[in-house]
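Notes follow once the structure below has been shown.
These figures come from a predicted structure and were not determined experimentally. Counting from 1, the numbers follow the sequence of the chain as shown.
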Amino acid sequence: MTQPTVDQAYLAKRQLRKGTAGWLLLAGLGVSYVISGDFAGWNFGIAEAGWGGFAIAACLMALMYLALVLSLAEMSAAIPAAGGGYSFARQAMGPAGGYLTGLAVLIEYALAPAAIVIFIGSAVEALVGIDGPLVYLLFYAVFIGIHLTGVGEALKVMMVISGLAVFAILATAVALVGDFNVANLFDIAPTEAAGASTFMPYGWYGIWAALPFGMWLFLAVEGVPLAAEEAKDPARDMPKGIIGAMLFLLFTALLVVVLLAGAAGAEMIGQSGVPLVDALNAAGNPTLATLVNVLGLAGLVASFFSIIYGYSRLVFALSRAGYLPRSLSLTSERKVPYLALVVPGVFGFLVSLSGEGDLILAMAVVGATISYALMALSHILLRVKRPDLPRPYRTPGGVVTSSVALVLALVALTGVYAFDPRAFNYTIVLFIAGAAYFFLYSKNKLVAKTAEEEFALVVADPAVPGANV
């Protein structure tokens, strides 16, 4: 095998803390990435499609994510590198395919915290009357600061915050079960749209436009493999962690989608900015509604906090490989990629100053769907091109499963355009600009010439799980 083009001194300055996260922490990370989506945002899909139409859209997106997660479980166990989807695509499609996949994920992970911090600002204003740039700056500074203390400490803080958010969802579900009425799910009158009915009052087009909202129930769970180099035993922990997170998120999605509309009415929930709170108030639980309103902030913070972790590990991996400036992969004495935390954080803060949270989040969804299609394609190509690759976990259904994820990701991408063409167009411009950076400049700065060489670089340190195997 060709030796990497850098020496051990290069690696010594670019090491993450190994063996920090077991499968339970990884599952918690996956839930934390997503949990804010259960509190708000998804419900606007009911306004686009009615409850039945949104249920169809949500089921399609749940199927897409489940198929994608099963594919990622195989690839993350076989290729335990911090780049996640980028690392898999690099092995399957070479430097250009790897970079473009990483770029799509980076767009999602750099923009999502900017959108979430705007929503955090609105929540803080509702609680204490303060909002705006100072709130955004405070949250970025505090939570990047916690990450700088070390990954173990950060993930434990994340688990506590996520636990509070999960408690709010479960308590809401218990409180609303007694008020559930099937008739409430179908209280939106059918329109004249093609295919419209009591079940799906806005017809087939409504289902298409609701797909992005179905994604909000699972968006960013694909980031679990970004923690691969910090897992205790990637071959076992990565599949258990990401699949465990997905199964739990399917459960919470079922609770909020069915019980909220069933207790308070689909029409009201489809228009609500705080659906859990409004459903509890409608059902006569004002005290719990107040508590859930406070804990809803914990859900937003959990996703904000964990996605910051995700973008830092992706930037670290892309920088270490030379796709981005190599200084971004330098790590501190605590084995934390400090510049990979701070620089995208500054970018996100500047984006948040626009105040357009919905637009920014829609742009993040476009980046996500592009990356999903490329990651699913990577699984298919790796099965075809690298049948000899050791696979501690194998995806049930093989390439059929990843093909389902690929097709549904492309359909979801068109759904974003149906809902918000402006977000679609802005993201494509951003993607083209990022691609131009690679083709005009960084493709000549790569640390390794081949995918095998790059993975050898990752596992060159004996402290890395799976090293020298």
Would you check if [X] and [Y] make a side-chain contact, meaning some heavy-atom pair closer than 4.5 Å?
X      : Y      : value
Ile56  : Phe199 : yes
Leu185 : Phe180 : yes
Thr331 : Phe316 : yes
Leu359 : Tyr426 : yes
Val365 : Trp216 : yes
Tyr65  : Met215 : yes
Ile242 : Pro225 : yes

**OP:** Taking all non-hydrogen atoms of both residues into account, name the closest pair between Ala409 and Tyr372 and its distance.
**Re:**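 Minimum heavy-atom contact is CB-CB, 3.8 Å.
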Original post:
With a 3.5 Å cut-off and no angle check, do the side chains of Tyr33 and Tyr309 form a donor-acceptor pair?
Top reply: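 Side chains of Tyr33 and Tyr309: no pair found under 3.5 Å.
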Original post:
When you check the side-chain N and O atoms of His379 and Thr395, is any donor under 3.5 Å from an acceptor?
Top reply: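 Short answer, yes.
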Original post:
Stepwise, does the side chain to side chain contact (heavy atoms under 4.5 Å, CB included) test hold for Leu377 with Phe88?
Top reply: CA-CA 10 Å; Leu377 180 60; Phe88 314 146; over 6 Å; no
**OP:** Determine, step by step, whether Leu100 and Phe431 satisfy the side chain to side chain contact (heavy atoms under 4.5 Å, CB included) criterion, reporting the C-alpha distance in whole Å, the side-chain angles of both residues, the deciding distance to 0.1 Å, and the verdict.
**Re:** CA-CA 8 Å; Leu100 293 177; Phe431 189 77; 4.0 Å; yes
**OP:** Please check if the distance between the ring centroids of Tyr109 and Tyr311 is under 6.0 Å.
**Re:**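 No: the rings miss the under 6.0 Å criterion.
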Subject >> Pair listing, salt bridge (charged side-chain N to carboxylate O under 4.0 Å, His left out) test, anchored in residues 69-78, at least two apart >> reply: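 Listed by first then second residue: Glu74-Arg383, Glu74-Arg391.
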**OP:** Evaluate the criterion side chain to side chain contact (heavy atoms under 4.5 Å, CB included) for residue pair Trp42 and Phe54; output intermediate values, then yes/no.
**Re:** CA-CA 9 Å; Trp42 63 268; Phe54 176 69; 3.6 Å; yes
